[in-house]
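Comments concern the structure below.
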Amino acid sequence: MHRFFIEQKLKKGMKINLPSDVSRQIFFVLRMKRGEMITLFDGSDQDFLSEITEIKKGVCVAKTIDARQNKNELGRKIILFQSIIKKDKMEWIVEKCTEIGVSEIVPVIASRSVKTGLNQARLAKIAKEAAEQSGRATVPIIRPIMPFASALSLAVDNCKKILFLHAKADKLITPTRLRTDVLGLFVGPEGGWSGEEADVAAKAGFAVVSLGNRVLRAETAAIAASYFASREDLDS
Ligand code: SAM
């Protein structure tokens, strides 16, 4: 069943004029007809089984028929602090980490970041589509770009544990290090973290950890660390 995220708060039995991008997709791309069913979600823990009641070029109306609990969100909130890397790799990270269950992605300008800009709206669209496709109840927040120092403060204020992924770290990532309800993950750029950034992170109390002996591409590290962090079953 096709799923669509709607900004509007939903409840059972209501009629909704679907946003124009959703209406266009239903009409022109999916070629759906009146009476067909879709699932709408609004960022709460409910999925709304909905019937298309009106459909014409660019305008669709749906009625929510039934509400079902969506149990696909992780219990743990994972905030990925990702140093900005090449556009296509950054987009790939947003898509895959959304599928894995990450709650927020914070693009960080590290001292070795080659790129320092990105299209936040495009990343938000990729996150929304990945959330729709993967059956999530919420769409991850894509934060505005921030320098390393601001990301560090944001992490300290919001995360209960923070893992600083570093290819040169002596300690391995372990299930014990994940045991918290709000976990921050820091992943460096193509050229890696500077020694100074790693020192600042360690002094701030972050756990500087490795994913193993091989040096991974930044995007591989982001996905591997996020997936490991999503394994709440390892907690027990
Ligand atoms: N030569 C760089 C270095 O030694 O840091 C390699 C950087 S790697 C391409 C980019 C980022 O991916 C790193 O900054 C780190 O966050 C993460 N990463 C790559 N391999 C890793 C590993 N084995 N353990 C932990 N993090 C890793």
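Computed from heavy atoms alone, side chains included, the values below leave out hydrogens, waters and symmetry copies. Remember, it's 1-based here, ligands and their atoms both numbered in the order they're listed. The model shown is predicted, which means the values in this text are computed figures rather than measured ones.
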Mutual orientation of the aromatic rings belonging to Phe81 and Phe186 [parallel < 30°, tilted 30-60°, perpendicular > 60°]: parallel

Amino acids in close contact with ligand 1, where any non-hydrogen atom sits under 4.0 angstrom away: Leu165, His166, Ala167, Lys168, Val187, Gly188, Pro189, Glu190, Gly191, Gly192, Trp193, Val209, Ser210, Leu211, Gly212, Arg214, Val215, Leu216, Ala218, Ala221

Any donor-acceptor N/O pair, Trp193 side chain to Leu165 backbone, under 3.5 Å: yes

Glu232 with Arg76: basic N within carboxylate O range, under 4.0 Å: no

Pairs where residues 44-57 contributes a residue and the test salt bridge (charged side-chain N to carboxylate O under 4.0 Å, His left out) is met, not counting sequence neighbours: Arg3-Asp47

Residue list, salt bridge (Lys or Arg N to Asp or Glu O under 4.0 Å) with Glu197, at least two apart or on another chain: none

side-chain hydrogen bond (donor to acceptor under 3.5 Å, both in side chains) contacts touching residues 165-182 (sequence neighbours left out): Lys160-Asp181

